[in-house]
Amino acid sequence: MCRLTKSSPFWLFVIPQRSPSCHSLRSMLPAASSFPRKWARTCAEYFHNALSFVVFLFLDLLETVLCVVYRYLDEFFEGKSPRCYCEHREQEGNEGGVEENEVSETLYGRKNLFRQMKFPGFARKRKESEKIGSHERVNRWSDCGCESCISWMKTDEQKLHVVVKEPSQGFIKFSSGNPIENVIFLHGFLCSSSIWTETVFQNLSEPVEGNYRLIAVDLLGFGKSPKPRDSLYTLKEHLDMIEKSVICQFDLKSFHLVGHSMGCIIALAAAAKYSKFVKSVTLVASPYLPSSKDKASLTVLNRLAERKLWPPLLFGTAFMSWYEHLGRCVCFFFCRNHRTWERIMKLLTRRRDVHFMIMDLARHTHHSAWHSMHNAICGGAKYMDDYLKTLNEDRVKLSVIQGNKDQVVPVECSINIKMKVPNAKVNIIPNANHNTVILGREKEFTQTLEHIWTSSSANDIL
């Protein structure tokens, strides 16, 4: 029986004669109190959208101004002004041997109110005499010129920087006469091979350490690998360099592939081309958003780099993905002066070495990062369905690992892959985000990889 007191709310006294039980009354309270919360949430969402519109409108204007500023700065320092992507694509034919469909639509299809208004001086067209020659190795005035950033220019044959961990001789006894297994690691955007050498390489079990050759790659334009100005960093160019620097260099006839974020797209491209050679593919936080081929690139850009202020990580991604000249300012401030920032970090943290993830954030040029984002990540989205279809038909072992708190790549991407490749194994890691799916749980992550590799080898034997 429900007992009423003087302190009871007024509405309890005006209940109809057949009043519900106390339990029923309590069940009505959340519904009554949820309305203010929904209203507040709706208002906050409208305010966020309005504020995002104003901020990005200002950034559109600032991008317009910087387009003109960089045109004159480039002409002053270099004697020429390379073309930017502030105007719609023109029919110029194949440039530098790059097919038109290899260049992402997002380079020219990014919306900007002032671009549509044909703001004077907004776009820079490159004359025929200004086209960058092949294998251009001269750094731009806004790029870093330190020894570590330009060391690749001193060699005639351009290959990717590769870190190889050969099987340990002391553990060969564990191999039991089996042939050496090869594993190729491909890092994500704004990273390097360090994400593998500082985690997986340090936590191998003895049997794997004695029977596996691990090959971690600095992708084209990142880490210690070449960063040529004439490259558009398309998916094909990334794949060609991996073939040249790893697959052909080591004469690999079978191998496993492990990719993280952007590296997943390149890993799928390699696996689809060498599906008869690949023993397993492991994708960590792979961006895959199904869409029609003509809209795939823009779909990825709008989902992974949505123009919103919150969360901050999304705003940072949108800022660097939508604004070519604003992004160049950030790279000029941080990447060009990375040695100074490293010294500051050492002083602040009182450590001799800066964390490798912080170091990797500045080990690229704006040209390499900008084009990899659009041509490899967004442009590569057009081919993901074909790659997954090939792997499914050839029954390549596919494993997907992702954190359930990933704010960079939606968790639905892993589910999408499972729908496309029913035999894929999907492992969603609780309380892990885009990076902590690896960092902070290195031993567990390495054990998962080892299980994938050894089970693949066991199936081949059977």
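Classification of E342 and R339 as a salt-bridged pair fails, no side-chain N sitting under 4.0 Å from a carboxylate O. A salt bridge between D60 and R307 is present, with a side-chain N of the basic residue lying under 4.0 Å from a carboxylate O of the acidic one. Of the charged side-chain nitrogens involved, none lies within less than 4.0 Å of a carboxylate oxygen, so that E78 and K80 do not count as a salt-bridged pair.
At most 12 non-hydrogen atoms from other residues, nucleotides or ligands lie less than 6.0 angstrom from NZ of K236. No more than 12 heavy atoms of other residues, nucleotides or ligands sit less than 6.0 Å from atom NZ of K389. Other residues, nucleotides and ligands contribute at most 12 non-hydrogen atoms within 6.0 Å of the NZ atom of K443. Within 6.0 Å of the NZ atom in K295, the count of heavy atoms belonging to other residues, nucleotides or ligands does not exceed 12. Within 6.0 Å of NE2 on H451 lie no more than 12 heavy atoms contributed by other residues, nucleotides or ligands.
If you check the side chains of N337 and T340, you find no donor sitting under 3.5 Å from an acceptor. Side chain to side chain, Q249 and K244 fail the donor-acceptor criterion of an N or O pair below 3.5 Å.
In this structure, M384 and P287 approach most closely via the heavy-atom pair CE-O, 3.4 Å. For the pair N392 and V421, the tightest heavy-atom approach, listed with the atom from each and the gap, is OD1-CG1, 3.8 Å. Nearest heavy atom pair, residue P82 against residue D74, reads CD-OD2, 3.8 Å. Closest non-hydrogen pair, C67 versus C86, comes out as SG-SG, 3.7 Å. Closest approach of L289 to V300, counting heavy atoms only: CD1-CA, 4.2 Å. Shown here for L220 and L160, the closest heavy-atom pair between the two residues is N-CD2, 3.6 Å.
The backbone N or O of V409 sits less than 3.5 Å from a side-chain atom of D406, completing a donor-acceptor pair. Side chain of S286 to backbone of L283: no donor-acceptor contact under 3.5 angstrom is found. In this structure, the side chain of N203 engages the main chain of T199 through a donor-acceptor pair within 3.5 Å. At least one donor-acceptor pair closer than 3.5 Å links the side chain of S245 to the backbone N or O of M241. The main-chain N or O of H434 is never found under 3.5 Å from a side-chain atom of Q407 such that the two would form a donor-acceptor pair. Using modelled atom types, one side-chain atom of S368 and one backbone atom of T365 make a donor-acceptor pair closer than 3.5 Å. Looking at E75, its side chain never comes within 3.5 Å of a backbone N or O of L73 through a donor-acceptor pair.
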>> As a quick check of understanding, evaluate side chain to side chain contact (heavy atoms under 4.5 Å, CB included) for N375 and W370, giving each step before the final call.
In response: CA-CA 9 Å; N375 289 337; W370 172 260; over 6 Å; no
>> I'd like to know whether K165 forms a side chain to side chain contact (heavy atoms under 4.5 Å, CB included) with L204, so could you lay out the CA-CA distance, the side-chain angles of the two residues, the decisive distance to 0.1 Å, and finally the verdict.
In response: CA-CA 11 Å; K165 184 177 178 63; L204 296 171; 3.7 Å; yes
> Between K382 and D294, is a salt bridge (Lys or Arg N to Asp or Glu O under 4.0 Å) present by the stated rule, with each step listed?
Replying inline: CA-CA 7 Å; K382 297 181 291 187; D294 57 335; over 6 Å; no
> Going through the checks in order, is the side chain to side chain contact (heavy atoms under 4.5 Å, CB included) test met by H371 and S231?
Replying inline: CA-CA 9 Å; H371 286 89; S231 173; over 6 Å; no
>> Evaluate D218 against K227 for salt bridge (Lys or Arg N to Asp or Glu O under 4.0 Å), listing each step before the verdict.
In response: CA-CA 11 Å; D218 279 359; K227 305 170 182 66; over 6 Å; no
> Does the side chain to side chain contact (heavy atoms under 4.5 Å, CB included) test come out yes or no for L439 and F445, once each step is laid out?
Replying inline: CA-CA 9 Å; L439 304 177; F445 178 76; over 6 Å; no
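Aromatic ring pairs are classed by plane angle as parallel below 30°, tilted from 30° to 60° and perpendicular above 60°; the pair W141 and F77 is parallel.
No option in H366, H367, R328 other than R328 meets the side chain to side chain donor-acceptor pair (under 3.5 Å) test with S142.
A distance below 6.0 Å separates the ring centres of Y212 and W453. Residues H256 and F277 keep their aromatic ring centres 6.0 Å or farther apart. Note: W196 and F201 fail the aromatic proximity criterion, with ring centroids not under 6.0 Å apart. Taking the centre of each ring, F333 and W341 come in below the 6.0 Å mark.
Contact check for K405 versus P430: no side-chain heavy atoms found under the 4.5 Å cut-off. Contact annotation: the side chain of L449 approaches that of F185 to within less than 4.5 Å [non-hydrogen atoms, C-beta and beyond]. Side-chain contact between C335 and C144 is absent, with no heavy atoms from C-beta onward closer than 4.5 Å. Side-chain contact check for K224 versus S148: every heavy-atom pair is 4.5 Å or farther apart.
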